[in-house]
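Let me begin by presenting the structure, written as C-alpha cells, before commenting on it.
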Amino acid sequence: MKYNLIRDLYENKEAYSEKEVTISGWIRTIRDSNKFGFIEINDGTSFKGIQVVYDDSLENFSDIGKYPVATAIVVKGKFVLTPESKQPFEIKATSISLEAPSDSKYPLQKKRHTLEYLRTIAHLRPRSNTFAAVFRVRSLASYAVHKFFQEKGFVNVHTPIITASDAEGAGEMFKVTTLDLLDIPRDDRKEVDFTKDFFEKPASLTVSGQLEGEIFALAFRNIYTFGPTFRAENSNTPRHAAEFWMIEPEIAFADIKDDMDLAEEMIKYLIRFVLDNAPQEMEFFNSFIDKGLKDRLEGILKSDFERVTYTEAIRLLKESEKEFEYPVEWGSDLQTEHERYLTEMVFKKPVFVTDYPKDIKAFYMRLNEDEKTVAAMDLLVPGVGEIIGGSQREERLEVLKEKMLKNGLKEEDYWWYLELRKYGGVKHAGFGLGFERLIMYLTGMSNIRDVIPFPRTVGNAEF
RNA sequence: UCCUCAGUAGCUCAAUGGUGGAGCAACCGGCUGUUAACCGGUAGGUUGUUGGUUCGAGUCCAACCUGGGGAGCCA
C-alpha cells in the first residue's frame, strides 16, 4: 500500500489540491457532533498534522467518534485547500479504516502536560508536540554537524568508547569489567587482580576522545569526533547527564584563534541549518517554550561572538556593581554566577573567555608566553552557560613533560601522547562541544533530560 | 554531595488545625464547521511513606522516598 505522507502534502499542497489522497497515522485529537466530526491526525513525517473531516455518509461513522487518542487509522479522501481557516488544508474523508486500536486510558491527553510528567512516560513523549519538535531538531542538528565538518574536509574519527588509559582526567569514569562482582579475584596484596579481567587491566567508558583525536589530527590535519561520552559524576543539575554526546574537532597547524574561529563558524552554521530545515518546530519553540528564541538566534547569526581574556573578564566583574555570592579573584575559576553575568548581562551574546590561569586548567593546554596562563577557551552562551571548552595543545615536549610531572601524571601512561610531540608535533588545537547543551541552546529547552530521548542521570536509567 | 521548594482524583491545581473540591481526561447523552470545540449528567481519593504532637492532621514536627530549582564537578 502506498500512502501519501503529510510532509509531502505540506510541501506540495497546490499540486494535491482537489486530488484523492490516502494517509495513515495516529489520531491526536478528535471532535465529533451527531452528523460530522473532525480528526487531527499525525503520521510522524511532519511536525504538524492534518485535519480530516468526516460525516455520517461513512458506514462506520458512529464507531469513528469513539476512537480514542493514538488510534491508528487509514484515511482516504479528497485533499482540499482551506485558505480561510486556521489550518491551510484538510481532507474530506471518503473512508476511514482502523489500523490499530488505542485505549481511553492513553496517558497523553490533548492538554498541556508538565515536562516532569512527560519524563515519566518517555516511551510516549515523542508523540507530544514538544518532544516531536525536540527530537526532530536533534536529528537535524546531528546531520548538520557531520555536514559542516565534511564540507570542510574534516575526517570523522571513531575514537574508542572503552578505554584502558586510566588517566583521561576529565571526571569520574564508569568502570567496564567482566569480573564477577560477587567473587572478585584478589592478588597477593588483596588488591583486585585485573589481570583476570577482560582487558587484563582496569578499563572504563570514555570521558573524552580528545587524546586519540590529537593522534588523527597529526595525520589528517583536520578531524572531528562525534559520539557518546560518559561521566560518573554525582551531579544533579539541568545541564549534566551521565551519558551524553560530544563533538570534538582537532585541527593541526592551528592556534587558539583558529580554534575559536572554527567554533564560531560551526555554531552559526548549526543555527542557520535548524532555522532553515525545521521551521515549524522552531516556530513552536518560539511560541511555547522560549518567547524570544528566534530573534535571539537570528541576532547571533548577524553578530560576532565576543572574545575576552580571563584577566579582562575578572576586571569587568570587579568593576560591576553586582554583588556576587563568590568573590571575584584572579587565580580562582569563574563561578556559574560570574559566567552568567558575563554572557547574559555584560555582553548579552555568546562570549569566548580565553587565557585562564594555568593552575585551574588541564595539563595538556599550551602555556602562554607570560608563563602564568594557558591558551584555553570556554564559550559561554546566555541561558545554558558553558557550551564549549577547548584549547591550543601543548606541543613542546619538555614543557608538556614538566606539566605532567606537576600534575602527578606518569610519563609511561602517556607514552604515545608524548611521542606525538617528537615526530612532527606541530601546533594544534581543538575543543569539545556538548551536543545536548547545543540542542538546549537551539530549542530553548532548559533541562538536559528533555533533549535526550532516554536520559541517564544519577539514579535514573529507566527505559 | 550540600542548600532550598514541592508532593492531594489519570493530568493540572484549590482546601483558616474542624464533613477533601474544581478544570481537563474517562463514561453516558445532546449539538451541522470544530481548532486545548461546546452544553448537560455520571463515576473517580489509604492526601508520597513511616512515626510523632493534638479531642481532632491534607494542614504542625521528625526521618525517609520522589521530583523541581540553586551550588559544586563539567560538556
Side-chain angles (χ1 to χ4, degrees), chain A residues 28-40 48-57 65-66 68-69 80 82 84-88 90 92 103-121 128-129 169-172 206-210 226-248 263 288 324-326 332-340 360-362 378-381 384-390 431-441 446-452 457-460 462:
Chain A
R28 280 285 181 85
T29 86
I30 183 163
R31 302 173 283 277
D32 72 334
S33 58
N34 61 343
K35 293 204 172 61
F36 64 91
F38 303 93
I39 301 171
E40 180 87 25
K48 289 190 175 162
I50 186 168
Q51 174 165 281
V52 172
V53 191
Y54 68 101
D55 61 32
D56 60 1
S57 66
K66 295 196 181 84
V69 175
V80 288
T82 54
E84 307 294 308
S85 304
K86 237 174 153 173
Q87 71 285 353
E90 62 190 22
K92 300 228 186 276
D103 190 280
S104 63
K105 291 198 186 73
Y106 185 63
L108 268 182
Q109 298 166 16
K110 45 183 173 181
K111 59 171 275 191
R112 189 170 295 187
H113 288 293
T114 60
L115 296 171
E116 291 79 20
Y117 171 67
L118 291 167
R119 241 171 257 156
T120 68
I121 50 168
S128 68
N129 284 332
E172 285 298 306
T206 183
V207 293
S208 167
Q210 180 201 316
F226 184 11
T229 309
F230 307 87
R231 304 267 169 98
E233 304 288 347
N234 183 14
S235 51
N236 215 315
T237 84
R239 302 183 306 283
H240 291 84
E243 176 183 303
F244 63 99
W245 285 59
M246 192 154 63
I247 297 143
E248 296 182 287
F288 295 106
F324 293 109
E325 192 184 334
Y326 292 87
S332 56
D333 210 352
L334 295 178
Q335 299 293 314
T336 297
E337 59 171 343
H338 305 143
E339 295 182 342
R340 292 184 68 114
I360 58 173
K361 288 291 183 183
D378 283 356
L379 178 63
L380 313 176
V381 298
V384 179
E386 183 178 345
I387 198 171
I388 281 177
F431 62 82
L433 167 73
F435 185 58
E436 283 77 11
R437 291 189 181 173
L438 171 79
I439 302 301
M440 291 166 74
Y441 186 59
S446 55
N447 194 311
I448 199 166
R449 296 169 182 86
D450 298 327
V451 297
I452 301 176
T457 53
V458 185
N460 200 339
E462 188 72 36

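- Nucleotide B:A71 is matched to B:U1 when pairs are restricted to Watson-Crick or G-U wobble geometry with both distances under 3.5 angstrom.
- In terms of phosphate contacts, A:S85 brings no side-chain nitrogen or oxygen within less than 4.0 Å of OP1 or OP2 of B:G33.
- If you check B:C64 for Watson-Crick or wobble pairing at under 3.5 angstrom, you find it paired to B:G48.
- In this entry B:C13 has B:G21 as its Watson-Crick or G-U wobble partner, both defining distances falling under 3.5 Å.
- The aromatic ring of A:F244 is stacked on the base of B:A75, with the two ring centres less than 5.5 Å apart and the planes inclined by under 30°.
- B:U32 and B:G21 are spaced 36 Å apart, taking the C1' atom of each and rounding to whole Å.
- Projected onto RNA chain B by closest heavy-atom contact, A:P68 and A:L433 fall at different nucleotides, the more 5' of which corresponds to A:P68.
- Side-chain to base pairing of A:R239 with B:A75: no donor and acceptor N or O lie closer than 3.5 Å to each other.
- Defined by atom type and a distance below 3.5 Å, a donor-acceptor pair is present between the side-chain atoms of A:R31 and A:T29.
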Take A:H338 and A:Y326 through the ring pair (Phe, Tyr, Trp, His ring centres under 6.0 Å) test and state the conclusion after the steps. CA-CA 9 Å; A:H338 305 143; A:Y326 292 87; 7.2 Å; no
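- Between the P atom of B:G67 and the CZ atom of A:R119 lies a distance of 10 Å, rounded to the nearest Å.
- No hydrogens or angles were tested; on distance alone, nothing pairs the side chain of A:E40 with the base of B:U35 as donor and acceptor under 3.5 Å.
- Counting to the nearest Å, the C1' atom of B:U35 and the CD atom of A:Q109 are 18 Å from each other.
- Base contact: A:N236 has a heavy atom under 4.0 Å from a base atom.
- For A:R437 and B:C74, a side-chain-to-base donor-acceptor distance below 3.5 Å is present, hydrogens and geometry of angles not being considered.
- Scanning atom types as modelled, no donor and acceptor separated by under 3.5 angstrom connect the side chain of A:K110 and the base of B:G10.
- One cannot find a donor-acceptor pair under 3.5 Å joining the base of B:C11 and the side-chain atoms of A:H113.
- The aromatic rings of A:F38 and A:F36 sit perpendicular to each other, their planes meeting at more than 60°, with 30° as the lower class boundary.
- When the C1' atom is compared between B:U59 and B:U19, the two are found 16 Å apart, to the nearest whole Å.
- Note on A:I388: only backbone sugar-phosphate atoms sit closer than 4.0 angstrom, heavy atoms only; bases stay farther off.
- Between B:C64 and B:G7, the distance separating the two C1' atoms is 14 Å to the nearest Å.
- Rounded to an integer number of Å, the gap from OH of A:Y106 to P of B:A25 is 16 Å.
- Contact of A:E90 with B:G33 (side chain to base): a donor-acceptor pair of N or O atoms is detected under 3.5 Å.
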